[in-house]
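Below is one structure, written out as structure tokens; the observations come after it.
The figures that follow rest on heavy atoms only: side chains count, while hydrogens, waters and symmetry mates do not.
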Amino acid sequence: MASQPIVGALHGNLLKALGTAIVSGEYPAGQVLTLDGVSARHGVSRSVAREAIRVLESMGMVESRRRVGITVLPSQKWNVFDPRLIRWRLEDGDRAAQLLSLSELRRGFEPAAAALAARRANPDQCRIMAAAVSDMVVHGRAGDLEAYLEADKLFHRTMLEASGNEMFRALDGVVAEVLAGRTHHGMMPSTPNPAAINLHDEVARAIRMRDEAAAEHAMRAIIDETSSAVAGDDSGH
């Protein structure tokens, strides 16, 4: 039984290593890999290598063909909504371009989701969002960015669930990676912006009051604030 976690860790490490090599351009589109080559370079068995390649295939990042090998595919083929791919691109790819793309995506769906949540949220979801905002206030003042991040992710996840739209709900992982990326790549101030927290409170209150227009407006302001904060980061992080 002890070997299972080891195999899982090897698979996870290899998957990340290959994924980041692709998004960083170390393995450019068109490069052909082999299972033996991957196994030798990363010191893993062929079965672990094969499993990692299968996952990358499911993400549209590589294509395996008999007698050809494993070909790295161009970014146009990638499943850009996969949270793992988003994480790798924020870590080792063109971070600025990825964040811009994600901000534009969020602007397209989160305000609409907030408006729907104002129509459909149940009392429990309203309580969770209000509590998440309270936690953001407490952790923001304390400068506990990891705890703040968890409260922020819970707020957005609950809001998307409250929209009652399965498509919006499925984008929770995308939003979570954006929020985590800001925190883990030095794009958050040591003390979170109180104005941003107030906007979350406005969204929660508008949803509770069934005010669709106000919920949509405040959510758009949250995304605009995030975009401005990221655009203002000149450190390369």
Side-chain angles (χ1 to χ4, degrees), residues 1-110 149 153 156-157 160 166-187 230 236-237:
M1 292 297 289
S3 66
Q4 283 301 103
I6 295 172
V7 171
L10 286 173
H11 165 69
N13 291 339
L14 177 60
L15 181 61
K16 180 180 179 182
L18 293 173
T20 54
I22 292 171
V23 302
S24 69
E26 181 184 345
Y27 291 159
Q31 178 158 342
V32 177
L33 310 173
T34 65
L35 273 183
D36 287 337
V38 170
S39 299
R41 178 170 180 178
H42 296 278
V44 297
S45 67
R46 278 173 60 92
S47 62
V48 169
R50 187 179 295 111
E51 185 57 35
I53 293 300
R54 279 201 194 108
V55 175
L56 292 174
E57 279 190 283
S58 74
M59 297 169 70
M61 298 180 76
V62 301
E63 179 180 58
S64 294
R65 293 178 64 185
R66 199 178 293 277
R67 293 191 293 278
V68 174
I70 302 148
T71 305
V72 177
L73 296 177
S75 59
Q76 292 88 340
K77 300 280 189 181
W78 301 350
N79 176 11
V80 294
F81 289 100
D82 192 298
R84 293 166 296 192
L85 177 53
I86 291 170
R87 192 178 316 138
W88 298 335
R89 293 176 94 177
L90 289 175
E91 288 175 355
D92 291 279
D94 187 339
R95 187 176 300 156
Q98 174 74 139
L99 283 168
L100 175 62
S101 177
L102 290 165
S103 292
E104 290 172 348
L105 173 67
R106 290 183 67 195
R107 192 174 285 112
F109 75 86
E110 279 204 279
L149 171 62
K153 289 197 294 188
H156 288 272
R157 180 168 64 249
L160 291 173
E166 63 183 1
M167 300 292 183
F168 289 160
R169 187 169 61 242
L171 291 168
D172 164 55
V174 172
V175 176
E177 288 301 332
V178 178
L179 300 175
R182 277 191 73 195
T183 299
H184 297 150
H185 296 297
M187 294 177 179
V230 170
H237 301 295

What distance do [X] atom [atom1] and [Y] atom [atom2] have between them, rounded to the nearest 0.5 Å?
{"X": "I53", "Y": "M61", "atom1": "CD1", "atom2": "CE", "answer": "10.0 Å"}
{"X": "L35", "Y": "S47", "atom1": "CG", "atom2": "OG", "answer": "10.0 Å"}
{"X": "L18", "Y": "N13", "atom1": "CG", "atom2": "CG", "answer": "11.0 Å"}

Quiz item: Hey, mind stepping through L149 and H184 against side-chain contact (heavy atoms from CB on, under 4.5 Å) and telling me if it holds?
Solution: CA-CA 10 Å; L149 171 62; H184 297 150; 4.0 Å; yes
Quiz item: For Q98, what residues pass the side-chain hydrogen bond (donor to acceptor under 3.5 Å, both in side chains) criterion, not counting sequence neighbours?
Solution: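 For Q98, no residue satisfies side-chain hydrogen bond (donor to acceptor under 3.5 Å, both in side chains) once neighbours in sequence are set aside.
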Practice problem: Please list, chain by chain and in numerical order, all residues satisfying side-chain hydrogen bond (donor to acceptor under 3.5 Å, both in side chains) with R107, sequence neighbours excluded. | Solution: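 Result, side-chain hydrogen bond (donor to acceptor under 3.5 Å, both in side chains) vs R107: D224, S227.
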Exercise. Just jot down the salt bridge (charged side-chain N to carboxylate O under 4.0 Å, His left out) partners of E26, sequence neighbours excluded, or say none.
Key: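 R41.
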Practice problem: Output all residues satisfying salt bridge (charged side-chain N to carboxylate O under 4.0 Å, His left out) with R46, sequence neighbours left out; order by chain, then residue number. | Solution: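 Result, salt bridge (charged side-chain N to carboxylate O under 4.0 Å, His left out) vs R46: D36.
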[X] versus [Y], closest heavy-atom pair with distance:
{"X": "A52", "Y": "L15", "answer": "O-CD1, 3.8 Å"}
{"X": "S24", "Y": "A21", "answer": "OG-O, 3.2 Å"}
{"X": "G37", "Y": "T34", "answer": "N-OG1, 2.9 Å"}

Quiz prompt | I22 vs V62 side-chain heavy atoms within contact, under 4.5 Å | solution =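 Side chain of I22 against side chain of V62, heavy atoms only: contact under 4.5 Å found.
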Quiz: residues 64-80 side-chain donor-acceptor pairs under 3.5 angstrom, not counting sequence neighbours:
unit_1, atom_1, unit_2, atom_2, d
W78, NE1, L73, O, 3.1
W78, NE1, P74, O, 3.3
N79, OD1, F81, N, 3.3

Would you list the atom pairs, donor with acceptor, under 3.5 Å between side chains in residues 84-94 and any protein atom, with sequence neighbours excluded?
unit_1, atom_1, unit_2, atom_2, d
R84, NE, D82, OD1, 3.1
R84, NH2, D82, OD2, 3.0
R87, NE, E177, OE1, 3.2
R87, NE, E177, OE2, 3.1
R87, NH2, E177, OE2, 2.7
D94, OD1, A97, N, 3.2

Quiz item: In terms of side-chain geometry, is the basic nitrogen of E57 or R54 positioned less than 4.0 Å from the acidic oxygen of its partner?
Solution: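 So E57 does not pair with R54 through a salt bridge.
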